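One structure below.
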Amino acid sequence: MLRMSTLFLRTLRDDPADAEVPSHRLLVRGGYIRRAAPGGFTWLPLGWLVYRNVERVIREEMDAAGFQEVHFPALLPREPYEASGRWVEYGPNLFRLQDRRGNDFLLAPTHEEMFTLLVKDLYSSYKDLPLSIYQIQTKYRDEARPRAGLLRGREFVMKDSYSFDVDDEGLQRSYDRHRDAYVRTFDRLGLPYVIVAAVSGAMGGSASEEFLAPIDVGEDTFVRCTSCAYAANVEAVEVPVPADEPYDDAPPAQVADTPGTPTIQTLVDFLNTHDELRRPDRDWTAADTLKNVVLTLRFPDGSTEPLAVGVPGDRDVDMKRLEAQVAPAVPEAFDEAAFAARPELAKGYIGPGALGTGSTSGIRYLVDPRIVAGTRWVTGADTVGHHVVGLVAGRDFTPDGTIEAAEVRDGDSCPACGSPVELARGIEIGHIFQLGRKYAEALGLTVLDQHGKTVTVTMGSYGIGVSRAVAAIAEASHDELGLCWPREIAPADVHVVVAAKGGGPQGPAAERLAAALEAAGVRVLFDDREGVSVGVKFKDAELLGVPTIAVVGRGVTDDESSSTIEIKDRRSGDRSDIALADAVEHLRSLCAP
RNA sequence: CGGGAUGUGGCGCAGCCUGGUAGCGCACCUGCUUUGGGAGCAGGGGGUCGGGAGUUCGAAUCUCCCCAUCCCGACCA
């Protein structure tokens with residue numbers, strides 16, 4: 001039994017100044033966590049109870065699916081990550097350190113390499129597969145900007161699983177089993193989620209889906225179709241490619257004097273206010289223009305390469321989408337010095353003429369997939385103050401390829417069915433993907449198949465953010481008064497509050513009730529504090545968020561048989577009085593329906 | 001990485017502009033009163049003001065550097 005009189009807990013009346021998002025605010029105010037380091041938190045008794053409940057649910061579901069738990073060190077030597085290429089690829093987000101002899105170590109951000117090597121160490125036959133193993137482990141990432149409390153820390157706990165199969169069909173089966181296990185896990189955790197198509201990011205790999213809790217403070221943007229089941233992280237959205245357009249009758253492109261039009265808006269205004277440039281049928285819009293963005297790609301080894309991206313002028317380049325496309329390289333702005341070094345690029349007037357591997361600049365030029373052959377554009381003429389009108393893709397210029405980097409907007413067409421999509425934000429709580437043979441190849445994980453032939457194992461990788469899930473649940477389950485934990489992960493089932501002055505019958509009655517509940521298997525948080533006003537107790541109960549609150553107060557008299565207590569459902573706020581004599585059975589049934 | 005804001009007892013803040021040796025609310029301790037919605041009165045303990053250097057007779061306050069936290073941004077051709 002948790003007694004408030006002795007519990008290591010201090011609730012705060014005021015919000016901590018550095019906490020923005022509700023989960024961070026309420027977890028600190030409620031005495032669940034304390035900040036201990038930038039991006040690192042201490043779990044206090046109540047928080048640790050919640051954390052362990054989340055961990056328990058995850059572990060139970062992993063075990064039920066037949067996956068086996070192992071545990072690696074978090075401190076690892078450089079060599080395996082060197083072999084996989086990630087010592088370099090992971091870049092500055094990797095915590096690196098040295099031992100006293102100067103050997104390089106790292107604090108693991110994920111454990112693909114170690115799992116791969118462990119299986120290589122022990123297994124060598126197809127008969128040993130399939131295999132899925134997992135761990136629940138503290139991970140370290142030197143985030144540039146830790147934020148939002150538990151949602152993005154530099155030290156966090158992740159459950160990561162890996163599957164090992166001889167062939168693609170096996171991998172698909174392992175992937176599906178994990179997907180099912182994740183559905184059950186998040187259902188039990190009481191977390192709302194959307195499963196979206198995703199890109200696999202720095203880990204490499206192919207088929208990939210994310211579990212996103214649809215909450216506005218989340219860092220991921222995803223789209224979902226308003227009529228079909230399509231849902232995808234914006235990074236993974238593929239725009240529907242229109243059919244080529246005929247252009248035999250298209251007039252030749254013409255260079256026009258467009259002084260003072262370095263931006264799309266100034267260009268469109270100029271075109272619509274000069275008679276010789278006006279369209280006969282309608283006004284020009286930003287969508288008629290082709291915007292060319294030049295940037296620098298910085299590769300993990302430090303080398304750089306310029307890249308030009310062409311998008312319809314009414315859309316911005318979405319850096320998140322671009323980053324996902326060019327990973328592990330990182331896009332950077334093309335700064336003044338870079339422009340100065342390339343006089344062939346007229347800032348504000350860059351057109352396809354100066355771009356492409358075959359052009360004077362030699363800069364690789366990738367365009368939005370909507371820019372198909374036959375589409376006509378107004379775009380830069382590569383001279384300050386000049387644009388080209390009627391430039392036809394496929395006739396006047398041919399890009400080096402396409403890239404998914406244009407922003408996605410509410411109302412864009414669904415790639416699956418064509419209906420409008422809507423944008424929403426979410427917290428990534430799980431990510432499953434088919435790694436394939438990247439790590440097995442790099443680290444030499446092979447087995448002999450039934451013909452005695454050596455085959456490279458194919459892998460899947462599956463993660464759940466355990467500490468983040470605690471915050472995500474807090475985000476999904478709170479109100480203006482405080483937290484409202486789902487019962488499965490709450491620190492207790494019933495919060496018994498004594499609401500009476502000392503010396504009355506309420507104290508002893510509450511003591512007996514709490515003990516009886518405990519004996520019946522109900523987890524009790526007992527507010528037995530004396531000298532604390534009921535107002536404080538009620539506020540604390542609401543802040544702490546135990547699902548059921550039992551108030552032992554004025555309904556209790558010296559005649560226990562006619563005494564009543566008040567039961568309040570934290571989430572709905574519904575209250576009801578029940579006979580004290582029936583309380584244990586009533587509350588027990590609430591907890592184990 | 002860039003920009004902005006902030007950094008003063010456990011928490012939230014004032015003081016800084018106009019230098020003179022630190023204050024308020026909450027929390028904490030003692031006593032009395034109070035007890036169905038963050039109680040009242042009285043008395044108390046706790047900080048040298050993120051760190052360093054400098055200016056000055058004197059620095060929380062002015063100057064410089066560093067660190068940290070939070071927010072915003074990272075390209076618009």
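First the proteins, then the strands, lettered A, B, ... as listed; each starts at 1. Because the structure is predicted, anything quoted here is derived from the model rather than measured.
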Pairing partner (Watson-Crick or G-U wobble, both distances under 3.5 angstrom) of B:U30:
B:A42
Whole-angstrom distance between B:C67 and B:C24, as gauged at atom P
35 Å
Measure from CZ on A:Arg321 to P on B:A74 and round the result to the nearest Å.
16 Å
Hunt down the Watson-Crick or G-U wobble partner of B:U55, both distances under 3.5 Å, from any strand shown, or write none.
none
Using modelled atom types and a 3.5 Å cut-off, is there a donor and acceptor pairing between side-chain atoms of A:Arg364 and backbone atoms of A:Asp400?
no
What distance, rounded to whole Å, do you find between the two P atoms, one in B:G50 and one in B:C16?
15 Å
With a 3.5 angstrom cut-off on both distances, give the Watson-Crick or G-U wobble partner of B:U61, or none if there isn't one.
none
B:G73 - base-pair partner by Watson-Crick or wobble geometry, distances under 3.5 Å
B:C1
Kindly point out which of B:G38, B:C76, B:A27 is positioned nearest to the side chain of A:Lys291?
B:C76
Can you tell me the pairing partner of B:C49 across any strand shown, Watson-Crick or G-U wobble, with both distances under 3.5 angstrom?
none
Between P on B:C76 and CG on A:Asp318, what's the gap in Å once rounded to a whole number?
15 Å
Can you say whether a donor on the side chain of A:Arg29 sits under 3.5 Å from an acceptor on the base of B:G38, or the other way round?
yes
Among the nucleotides B:C71, B:G38, B:C76, whichever has the atom closest to the side chain of A:Glu20 is B:C71
Starting at the 5' end of RNA chain B and moving along, which residue's nearest nucleotide shows up first, A:Arg13 or A:Val317?
A:Arg13
Identify whether the distance between the nearest side-chain nitrogen and carboxylate oxygen of A:Arg571 and A:Asp569 falls below 4.0 Å.
no
For B:G25, what is the paired nucleotide under Watson-Crick or G-U wobble rules, both distances under 3.5 Å?
B:C11
C1'-based separation of B:G25 from B:C66 [nearest Å]
33 Å
Taking the six-membered ring for Trp and the full ring for Phe, Tyr or His, determine whether the centres of A:Trp48 and A:Phe8 are under 6.0 Å apart.
no
Between B:G38 and B:G46, how many Å separate the two C1' atoms, rounded to a whole number?
23 Å
Give A:Ile264 one of three labels, base, sugar-phosphate or nothing, depending on what nucleic acid heavy atoms sit under 4.0 Å from its own.
sugar-phosphate
What is the separation between atom CZ on A:Arg529 and atom C1' on B:A27, rounded to the nearest whole Å?
12 Å
Name the pairs: protein N/O against N/O of nucleotides 32-37 of chain B, kept only if under 3.5 Å.
{"unit_1": "B:G36", "atom_1": "O2'", "unit_2": "A:Arg554", "atom_2": "NH1", "d": "3.0"}
{"unit_1": "B:G36", "atom_1": "O6", "unit_2": "A:Arg554", "atom_2": "N", "d": "3.0"}
{"unit_1": "B:G36", "atom_1": "N2", "unit_2": "A:Glu566", "atom_2": "OE1", "d": "3.1"}
{"unit_1": "B:G36", "atom_1": "N2", "unit_2": "A:Glu566", "atom_2": "OE2", "d": "3.2"}
{"unit_1": "B:G37", "atom_1": "O6", "unit_2": "A:Arg575", "atom_2": "NH2", "d": "2.9"}
{"unit_1": "B:G37", "atom_1": "N1", "unit_2": "A:Glu542", "atom_2": "OE2", "d": "2.9"}
{"unit_1": "B:G37", "atom_1": "N2", "unit_2": "A:Glu542", "atom_2": "OE1", "d": "2.2"}
{"unit_1": "B:G37", "atom_1": "N2", "unit_2": "A:Glu542", "atom_2": "OE2", "d": "3.1"}

Quote, to the nearest angstrom, the C1' distance that separates B:G15 from B:U48.
14 Å
Between A:Glu566 and A:Lys568, does at least one N-O distance fall below 4.0 Å, as a salt bridge requires?
no
Would you say the side-chain atoms of A:Arg570 pair up with the backbone N or O of A:Leu483, donor to acceptor, closer than 3.5 Å?
yes
Output yes when A:Asp283 and A:Arg278 qualify as a salt bridge under the 4.0 Å nitrogen-oxygen rule, no when they do not.
yes
Would you measure the distance from the C1' atom in B:G19 across to the matching atom in B:C49 and give it in whole Å?
14 Å
Nucleotide forming a Watson-Crick or wobble pair with B:U35, both distances under 3.5 Å:
none
Nearest-Å distance once atom C1' is located in both B:A59 and B:U18
15 Å
How does each nucleotide of nucleotides 10-16 of chain B score, in 5' to 3' order, for protein heavy atoms under 4.0 Å: base (B), sugar-phosphate only (S), or none (-)?
SSSS---
Holding to side chain to side chain contact (heavy atoms under 4.5 Å, CB included), I want the full list of residues that pass it with A:Ile215, two or more places apart in sequence or in another chain.
A:Ala213, A:Val217, A:Ile427, A:Glu475, A:Ala476
Atom CZ of A:Arg35 and atom C1' of B:G7 are separated, to the nearest Å, by 12 Å
Any side-chain donor paired with an acceptor under 3.5 Å for A:Asp314 and A:Thr285?
no
Rounded to whole Å, CG of A:Asp540 lies from P of B:A39 at a distance of 11 Å
Using the C1' atom as the reference point in each nucleotide, state the distance between B:A68 and B:G52 in Å, no decimals.
14 Å
Applying side chain to side chain contact (heavy atoms under 4.5 Å, CB included) between A:Val496 and each of A:Val522, A:Leu517, A:Leu525, A:Asp527, report the one that passes.
A:Leu517
Paired with A:Tyr32, the ring-ring contact (aromatic ring centres under 6.0 Å, His included) test is passed by just one of A:Trp485, A:Trp43, A:Tyr51, namely A:Trp485
Could you tell me whether A:Arg321 and A:Glu404 have a side-chain N and a carboxylate O separated by less than 4.0 Å?
yes
